[in-house]
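By convention in this document, chain letters (A, B, ...) are assigned in the order of the sequence lines, proteins followed by strands, and residues within each chain are numbered from 1.
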Amino acid sequence: MQYWLFKTEPDAFSIEDLASKPNQTEHWDGIRNYQARNFLRDEVKVGDKVFIYHSSCKDVGIAGVAEVVKAGYVDHTQFDPDSKYFDPKSSPDKPRWYMVDVKHQHTFKRVLSLKTIKQMGDIQDIGLVKKGHRLSIMPVTEKEWHSLYEAAK
DNA sequence: GCCAACGTTGGC
DNA sequence: GCCAACGTTGGC
(Lines give C-alpha, C1' and ligand atoms only; values in the text may rest on other atoms or scores of the structure.)
Protein backbone atom coordinates (compact mmCIF):
# COMPACT_ATOMS: atom_id res chain seq x y z
CA MET A 1 0.00 0.00 0.00
CA GLN A 2 1.27 3.42 -0.91
CA TYR A 3 0.42 7.01 -0.12
CA TRP A 4 -0.16 9.83 -2.58
CA LEU A 5 -1.12 13.43 -2.88
CA PHE A 6 -3.46 14.52 -5.67
CA LYS A 7 -3.84 18.18 -6.50
CA THR A 8 -7.07 19.71 -7.59
CA GLU A 9 -8.46 23.18 -8.09
CA PRO A 10 -11.53 23.32 -5.87
CA ASP A 11 -13.20 25.80 -8.20
CA ALA A 12 -13.24 22.99 -10.76
CA PHE A 13 -13.47 19.93 -8.53
CA SER A 14 -13.21 20.04 -4.74
CA ILE A 15 -13.22 17.39 -2.06
CA GLU A 16 -16.82 18.40 -1.35
CA ASP A 17 -17.64 17.62 -4.95
CA LEU A 18 -16.06 14.20 -4.54
CA ALA A 19 -18.03 13.56 -1.36
CA SER A 20 -21.29 14.40 -3.10
CA LYS A 21 -20.79 12.03 -6.02
CA PRO A 22 -22.75 8.76 -6.15
CA ASN A 23 -21.00 6.30 -3.86
CA GLN A 24 -18.61 9.21 -3.13
CA THR A 25 -16.54 7.95 -6.02
CA GLU A 26 -15.29 9.69 -9.13
CA HIS A 27 -12.61 9.15 -11.72
CA TRP A 28 -9.60 11.37 -11.49
CA ASP A 29 -9.34 12.45 -15.09
CA GLY A 30 -7.56 15.20 -16.94
CA ILE A 31 -4.02 14.48 -15.80
CA ARG A 32 -1.84 15.65 -18.69
CA ASN A 33 1.66 15.42 -17.32
CA TYR A 34 3.87 12.48 -18.17
CA GLN A 35 5.41 11.97 -14.78
CA ALA A 36 2.00 12.08 -13.13
CA ARG A 37 0.67 9.79 -15.85
CA ASN A 38 3.36 7.24 -15.11
CA PHE A 39 2.32 7.17 -11.47
CA LEU A 40 -1.33 6.70 -12.40
CA ARG A 41 -0.64 4.01 -14.97
CA ASP A 42 2.01 2.02 -13.14
CA GLU A 43 2.04 2.66 -9.44
CA VAL A 44 -1.26 3.82 -8.00
CA LYS A 45 -3.06 0.72 -6.74
CA VAL A 46 -6.42 -0.16 -5.26
CA GLY A 47 -6.34 0.50 -1.53
CA ASP A 48 -3.74 3.26 -1.72
CA LYS A 49 -4.50 6.34 0.36
CA VAL A 50 -4.63 9.79 -1.17
CA PHE A 51 -4.46 13.27 0.28
CA ILE A 52 -6.70 15.61 -1.66
CA TYR A 53 -4.90 18.93 -2.01
CA HIS A 54 -6.62 22.16 -2.97
CA SER A 55 -4.52 24.51 -5.08
CA SER A 56 -5.04 27.90 -6.71
CA CYS A 57 -7.66 29.00 -4.24
CA LYS A 58 -8.25 30.89 -1.02
CA ASP A 59 -7.50 27.95 1.26
CA VAL A 60 -4.47 26.25 -0.22
CA GLY A 61 -3.60 22.96 1.45
CA ILE A 62 -4.63 19.40 2.22
CA ALA A 63 -8.41 19.16 2.44
CA GLY A 64 -9.01 15.50 3.13
CA VAL A 65 -8.43 11.85 2.35
CA ALA A 66 -9.61 9.51 -0.37
CA GLU A 67 -8.92 5.91 -1.26
CA VAL A 68 -8.10 4.43 -4.63
CA VAL A 69 -10.89 2.06 -5.69
CA LYS A 70 -9.81 1.43 -9.28
CA ALA A 71 -6.24 1.36 -10.54
CA GLY A 72 -4.96 2.98 -13.72
CA TYR A 73 -7.08 2.75 -16.85
CA VAL A 74 -7.44 4.76 -20.02
CA ASP A 75 -8.73 8.31 -19.57
CA HIS A 76 -11.51 8.51 -22.14
CA THR A 77 -11.62 12.31 -22.15
CA GLN A 78 -8.51 12.38 -24.34
CA PHE A 79 -10.57 11.08 -27.29
CA ASP A 80 -13.48 13.47 -26.85
CA PRO A 81 -13.13 16.51 -29.11
CA ASP A 82 -15.62 18.36 -26.92
CA SER A 83 -13.60 17.80 -23.77
CA LYS A 84 -11.13 20.36 -22.60
CA TYR A 85 -8.82 17.40 -22.01
CA PHE A 86 -9.00 16.31 -25.65
CA ASP A 87 -5.60 15.31 -27.02
CA PRO A 88 -5.57 15.08 -30.84
CA LYS A 89 -2.23 13.30 -30.74
CA SER A 90 -3.54 10.41 -28.74
CA SER A 91 -5.37 7.42 -30.23
CA PRO A 92 -7.38 4.55 -28.72
CA ASP A 93 -4.87 1.93 -29.83
CA LYS A 94 -2.06 3.96 -28.29
CA PRO A 95 -3.57 5.94 -25.44
CA ARG A 96 -1.41 8.51 -23.77
CA TRP A 97 -3.33 9.34 -20.65
CA TYR A 98 -4.61 7.35 -17.73
CA MET A 99 -6.79 7.89 -14.70
CA VAL A 100 -7.85 6.12 -11.52
CA ASP A 101 -11.04 6.11 -9.47
CA VAL A 102 -11.01 7.49 -5.96
CA LYS A 103 -13.56 7.31 -3.18
CA HIS A 104 -13.98 10.02 -0.60
CA GLN A 105 -13.05 8.96 2.90
CA HIS A 106 -12.67 11.98 5.09
CA THR A 107 -12.80 15.75 4.87
CA PHE A 108 -10.73 17.52 7.49
CA LYS A 109 -12.49 20.09 9.65
CA ARG A 110 -9.94 22.61 8.49
CA VAL A 111 -7.68 22.58 5.48
CA LEU A 112 -4.11 21.83 6.54
CA SER A 113 -2.56 24.92 5.00
CA LEU A 114 0.52 24.93 2.87
CA LYS A 115 1.98 27.45 5.28
CA THR A 116 1.59 25.05 8.19
CA ILE A 117 3.00 22.17 6.16
CA LYS A 118 6.06 24.23 5.31
CA GLN A 119 6.62 24.87 9.00
CA MET A 120 6.57 21.19 9.88
CA GLY A 121 10.13 20.06 10.55
CA ASP A 122 9.70 16.50 9.33
CA ILE A 123 8.07 17.46 6.05
CA GLN A 124 11.05 18.65 4.04
CA ASP A 125 11.31 16.25 1.14
CA ILE A 126 7.78 16.20 -0.15
CA GLY A 127 7.35 17.75 -3.57
CA LEU A 128 4.96 20.31 -2.19
CA VAL A 129 7.49 22.29 -0.22
CA LYS A 130 10.12 22.19 -2.91
CA LYS A 131 10.62 24.90 -5.43
CA GLY A 132 8.41 24.81 -8.46
CA HIS A 133 6.28 21.92 -7.27
CA ARG A 134 4.08 21.47 -10.28
CA LEU A 135 3.43 17.77 -10.21
CA SER A 136 -0.27 17.05 -9.81
CA ILE A 137 0.22 13.48 -8.56
CA MET A 138 3.03 12.84 -6.13
CA PRO A 139 4.08 10.09 -3.75
CA VAL A 140 3.99 10.64 0.00
CA THR A 141 6.08 8.52 2.36
CA GLU A 142 4.41 6.66 5.20
CA LYS A 143 6.18 8.88 7.72
CA GLU A 144 5.04 12.03 5.97
CA TRP A 145 1.53 10.69 5.71
CA HIS A 146 1.27 10.09 9.44
CA SER A 147 2.77 13.46 10.34
CA LEU A 148 0.45 15.30 7.99
CA TYR A 149 -2.56 13.29 9.09
CA GLU A 150 -1.88 14.01 12.75
CA ALA A 151 -1.48 17.71 11.99
CA ALA A 152 -4.68 17.83 9.98
CA LYS A 153 -7.17 15.87 12.05
C1' DG B 1 -3.65 39.58 -11.89
C1' DC B 2 1.35 39.13 -11.39
C1' DC B 3 5.33 36.60 -12.17
C1' DA B 4 8.70 32.96 -11.46
C1' DA B 5 9.43 28.26 -12.42
C1' DC B 6 8.66 24.65 -15.02
C1' DG B 7 7.22 21.33 -19.08
C1' DT B 8 6.48 20.99 -23.97
C1' DT B 9 7.11 22.12 -28.66
C1' DG B 10 9.36 22.67 -32.88
C1' DG B 11 13.01 24.60 -35.89
C1' DC B 12 17.47 23.72 -36.92
C1' DG C 1 19.59 16.40 -29.67
C1' DC C 2 19.93 21.29 -28.53
C1' DC C 3 17.58 25.25 -26.97
C1' DA C 4 14.60 29.34 -27.52
C1' DA C 5 9.89 30.35 -27.48
C1' DC C 6 5.78 29.46 -25.72
C1' DG C 7 2.05 27.96 -22.63
C1' DT C 8 0.79 26.52 -18.02
C1' DT C 9 0.99 26.18 -13.11
C1' DG C 10 0.36 27.89 -8.68
C1' DG C 11 1.42 30.80 -4.62
C1' DC C 12 0.81 35.21 -3.35
Side-chain angles (χ1 to χ4, degrees), chain A residues 2-21 26-44 48-66 68 71-102 104-141 143-153:
Chain A
Q2 282 190 271
Y3 300 97
W4 303 94
L5 183 142
F6 289 6
K7 279 186 197 170
T8 182
E9 296 190 17
D11 292 340
F13 188 79
S14 70
I15 192 161
E16 289 82 13
D17 292 329
L18 179 62
S20 66
K21 291 285 167 187
E26 182 64 304
H27 39 259
W28 205 263
D29 61 10
I31 301 299
R32 296 293 181 267
N33 168 283
Y34 287 105
Q35 207 180 337
R37 185 281 311 270
N38 291 344
F39 286 138
L40 287 178
R41 186 188 58 190
D42 305 330
E43 297 190 42
V44 178
D48 285 1
K49 305 284 191 191
V50 179
F51 279 136
I52 303 298
Y53 177 88
H54 284 175
S55 72
S56 298
C57 61
K58 190 163 63 68
D59 264 338
V60 171
I62 295 172
V65 178
V68 178
Y73 63 108
V74 174
D75 180 345
H76 56 81
T77 62
Q78 66 195 303
F79 308 125
D80 177 3
D82 294 328
S83 170
K84 67 170 178 171
Y85 299 123
F86 178 60
D87 183 349
K89 292 179 180 167
S90 186
S91 65
D93 52 317
K94 260 195 152 178
R96 266 192 186 179
W97 307 114
Y98 286 75
M99 62 185 180
V100 300
D101 287 357
V102 295
H104 175 264
Q105 285 213 312
H106 185 65
T107 300
F108 295 128
K109 287 196 194 74
R110 304 168 41 192
V111 170
L112 179 63
S113 72
L114 181 59
K115 187 167 174 238
T116 304
I117 295 169
K118 283 180 171 169
Q119 287 166 352
M120 292 170 62
D122 48 349
I123 308 293
Q124 295 302 321
D125 287 333
I126 196 170
L128 268 188
V129 302
K130 288 185 176 166
K131 211 169 21 169
H133 44 88
R134 301 180 55 177
L135 206 51
S136 49
I137 305 281
M138 68 182 80
V140 175
T141 68
K143 190 160 162 276
E144 288 163 348
W145 176 277
H146 290 302
S147 297
L148 291 166
Y149 195 89
E150 284 302 310
K153 76 174 185 185

Minimum heavy-atom separation for A/Q35 and A/N33, please, with both atom names. N-OD1, 3.1 Å

Under 4.5 Å between any side-chain heavy atoms of A/Y53 and A/V60, yes or no? yes

A/D17 side chain to A/S14 main-chain N or O, any donor-acceptor pair under 3.5 Å? yes

Using a 4.0 Å heavy-atom cut-off across all strands, classify A/S55 as base, sugar-phosphate, or nothing. sugar-phosphate

Would you indicate what A/K89 reaches in the nucleic acid, counting non-hydrogen atoms under 4.0 angstrom: base, sugar-phosphate, or nothing? sugar-phosphate

Between A/D48 and A/Q2, is there a donor-acceptor pair closer than 3.5 Å when you use the side chain of the first and the backbone of the second? yes

Do A/V65 and A/Y149 make a side-chain contact, defined as non-hydrogen atoms from C-beta onward lying under 4.5 Å apart? yes

Name the first nucleotide and the last nucleotide along DNA chain C (5' to 3') that come under 4.0 Å of a heavy atom in chain A. C/dG7 to C/dC12

